[in-house]
Amino acid sequence: MICRWIVLNSSKVSRILSPFSSLLSSKSSFSVAKLDDEPNTSTNFSSDHRDCFDQEILFDMKNLGFREYLHGQHFRGLVSDLRQTHVEDVMGELMAESPDLSVWFFKELIDVYGFRHSRFSTLLVSHILAAQRRFNELQVILQHLLQEEGSGSAYLLCELLSSSFREWDSTGLVWDMLLFLTSRSKMVDDSLYILEKMKDLKLNVSTQAYNSILYNFRQTDKLWDMYREIDAKNEHTYSTVVDGLCRQQRVEDAVLFLRDCEWEDVGPSVVSFNSIMSSYCKLGLVDTAKSFFCTVLKCGLVPSVYSHNILINGLCVAGSIGEALELAGHMSQRGVEPDTVTYNILAKGFHLLGMISSVWEVIQEMVDRGLSPDVITYTILLCGYCQLGNIDKSLRLLKDILSRGLELSSVIPCSVMLSGLCKTGRIDEALSLFYEMKANGLRPDLVAYSIVIHGLCRLGEFDMAVWLYDEMCNKRIHPNSRTRGAMLLGLCQKGMLLEARAFLDSLVSTGSTLDIILYNIVIDGYAKSGCIEEALELFKVVTESGVTPTVATFNSLIYGYCKIRNIGEARKILDGIKLYGLVPSAVSYTTLMNAYANCGNTERVDDLRREMKAEGISPTDFTYSVMIKGLCVAGKLEKCEEVLRDMSDEGKTPDQITYNTVIQYQCSVKDLSKAFELFEEMKLRNLDPTPATYNILMDGLCLYGYIEDADRFLCSLQEQGVDLSKFAYTTLIKAHCVKGDPEMAVKHFLQLLDRGFDVTIRDYSAVINRLCRRRLANEAKFFFSLMLSRGISPDLDICRVMIKSSDVAAWIFKSGLLPD
DNA sequence: ATAGGGTTAG
């Protein structure tokens, strides 16, 4: 009996007695009044005491209510002392009394006390529940068991089932539920093991369980084997096959299958159509998806929220936001209401179009309609803030998201934030967020690692990048081509080509399958550094190892030859592209054109333009800017007008780079008013000037001695909060030095430091050099001291310049500032 | 069972 067990097994037995004290006082003589306060008092239980917990008391206890008893303080104190064997004993005894009681006891231990049950007691209760057809409860406790046991537990469970429960009538149901749950929990091997055992024991396998197994195999070639094994197929079976075929990129087969099974019992379901629509949308064939939507209607079926959302999403991705909105607006008429997903899709659609304010409106409407934004909604918002460069706002939002409860999916908003921080160079904050994630139990995944590694590499922080790369490998998160690409790209951009190549070779030697992108990055790295020999050698490795080059591979080689000014060879590479069965791209032509444009060879540029046209390759904005640059270099401005006309004929407007090119040309021919006219024009056209635009104008003003204008220009830009680059300042600083207005030079230089620009020895050197030449020794000294105070040591160049100016030299020697 | 969020060489 439970009471006897409690008396015999618990060290805290004294506490148990008190709930019954009132009961006991009337029935027996012993008192428990003080025992609670004195837990160490040893209590001697004689056989008399044990007798107190006899049938009669158990009976009374039941009358009093186990529930009250077990919820009492006294029982709670006992739970930590419960052992598996005790529970099983109690369960056994309770079973004899009443199965319901034992089930209740079992569940109470789990729900109230978080107790971990043995396999045996769980299976025992499972059989009771199965016999009573209490399937929901059965599912809950078996799921609980499987979570605790983990993968690979099927063997032991099957052993136990067939040895101890074979006689139970309900055992088949327990087996089947176990099969269903292992399959649904993606414990594929366990589910297959159970399935085999069930077949051996000739137990019935439910369609639900089979469907779940089929679902796990839907993306593999075992799909049909599994399908054929199922005797009692239902709607789910068919829709799973349809979905599987869709995911295997076999939409046509899916459609055929759907048509065939129309003749069988149930007819096609909306779910199957949804899978097919989703597939066509992903292939970019929204119109086909739409026609299936019509088919659904024609079949007399009702498109679900899913159907609508799938199509709305397809339309958004295809850029047809108007049509997407229209469809969403018609949902109510079809008897379905837009849900959070619908609004998220629309919000993302606007985000893709860069219409951030509309993203806001969509979310507002969603809230107005009483729907709650979810993690995904917030993630889209977060993307928007990051895209607008509002990193601090993003950080606040992320904090807000995370404080709403850490879901497993919260890794994604963190990744968005990581990406935002990395892109704005705030790598330290990215790293601390990364650590914070780990500390909060959010395990960074492949994407999160890749983003941070990419960010580190871009800044040349390779030690840390390699460290994280190793860490992710150790955590069995396998780097993919992008992660590796980030490492290679970073190394190449820092000019560390030997290291990049060593890394690439190490990947080859460890047997990783390398895709062409990784080779392309290193080939491009060689080409950009003017190492055409190495680029060609690696290209040879590519072709010899059976990897197919892409146009990008050849484009890098073209660039490489252009870089070393061997345009002839570059041209030969262009012609060679077709020999590999590839088509030259706009980049191929533009790169070559750029080489000709740089030396003002407009005839060659024109030739290439004609060739492009003949090949049916459309010029890009970049191509046009190169053509215009060529004309500017050659001084044929009148022809620029012609090209600009061609552009507008094609519906293209010149981009910022093109404007910059022409503005630079106007500056170079001293027509500053024309230059500023163009500057105003580009603003009128809603083209944001780039930092380079300001630099060009600033340089132009300074070059022709309009320094006061340049000062005013800088001031007004600062007032407008324009994003200026360091160059705008240094140009002006140099001009003031040359002109002999060191005060202004100092003023601007201090601003440069104030605004947190990375001021290097080159910048100090440029100023000191010019000041010394103008014999402005005191100012030169000032900058020299400033440099030292910022922790920068003078190099040989600066010392040489300073020494030449004898006054300064004496000062340096005197102050002992010269390095060894 | 079917829908929505994060990385991306030139």
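Each chain gets a letter, A, B and so on, in the order the sequences are listed, and its residues count up from 1.
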Do any side-chain nitrogens or oxygens of [X] fall under 4.0 Å of OP1 or OP2 in [N]?
X        : N     : value
A:Lys423 : B:dG6 : no
A:Arg184 : B:dA1 : no
A:Arg458 : B:dT7 : no
A:His308 : B:dA3 : no
A:Tyr238 : B:dA1 : no

Can you confirm whether A:Ile276 sits close enough to A:Cys246 that some side-chain heavy atom of one is under 4.5 Å from a side-chain heavy atom of the other? yes
May I ask you to decide whether A:Lys222 forms a salt bridge with A:Glu229, counting only side-chain N to carboxylate O separations under 4.0 Å?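 Judged by the 4.0 Å cut-off on N to carboxylate O distance, A:Lys222 and A:Glu229 do not form a salt bridge.
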Quick one: [X] [atom1] to [N] [atom2], roughly how many Å, whole number?
X        : N      : atom1 : atom2 : answer
A:Ile230 : B:dA1  : CD1   : P     : 13 Å
A:Phe434 : B:dT7  : CZ    : P     : 16 Å
A:Asp621 : B:dG10 : CG    : P     : 18 Å
A:Ile345 : B:dA3  : CD1   : C1'   : 5 Å
A:Tyr449 : B:dG6  : OH    : P     : 21 Å
A:Met277 : B:dA1  : CE    : P     : 19 Å
A:Ile310 : B:dT2  : CD1   : C1'   : 5 Å
A:Tyr526 : B:dG10 : OH    : C1'   : 18 Å

So what does [X] hit on the nucleic acid, given a heavy-atom distance under 4.0 Å: a base, only sugar-phosphate, or nothing?
X        : result
A:Ala448 : base
A:Asp445 : base
A:Thr340 : base
A:Val447 : base
A:Ile517 : base
A:Asn555 : nothing
A:His454 : sugar-phosphate
A:Thr240 : nothing
A:Tyr306 : base
A:Ser556 : nothing
A:Arg484 : nothing

From [options], nucleotide with atom closest to [X] side chain:
X        : options              : answer
A:Lys282 : B:dT2, B:dA3, B:dG6  : B:dA3
A:Ile412 : B:dG6, B:dA1, B:dA3  : B:dG6
A:Glu235 : B:dG5, B:dA1, B:dG10 : B:dA1
A:Arg218 : B:dA9, B:dT2, B:dA3  : B:dT2
A:Tyr215 : B:dT2, B:dG10, B:dG5 : B:dT2
A:Val375 : B:dG5, B:dA3, B:dA9  : B:dG5

Tell me which donor-acceptor pairs under 3.5 Å the side chains of residues 308-315 of chain A have, and how far apart each pair is, sequence neighbours excluded?
| unit_1 | atom_1 | unit_2 | atom_2 | d |
| --- | --- | --- | --- | --- |
| A:His308 | ND1 | A:Ser304 | O | 2.9 |
| A:His308 | NE2 | A:Arg334 | NH1 | 3.2 |
| A:Asn309 | OD1 | A:Thr342 | OG1 | 2.7 |
| A:Asn309 | ND2 | A:Asp339 | OD1 | 3.3 |

Going by atom types only, do A:Asp243 and A:Thr240 share a side-chain donor-acceptor pair under 3.5 Å? no
Donor-acceptor pair, side chain of A:Ser183 and main chain of A:Ser212, under 3.5 angstrom: yes
Can A:Lys233 be said to sit on top of A:Tyr227's aromatic six-ring, NZ or CZ under 6.0 Å from centre and within 45° of the ring axis? yes
Check salt bridge (Lys or Arg N to Asp or Glu O under 4.0 Å) between A:Glu365 and all other residues, then give those that pass, not counting sequence neighbours. none
Would the base of B:dG5 count as contacting A:Asp374 through its side chain, where contact means a donor and an acceptor less than 3.5 Å apart?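 Answer is no: no donor-acceptor pair is held.
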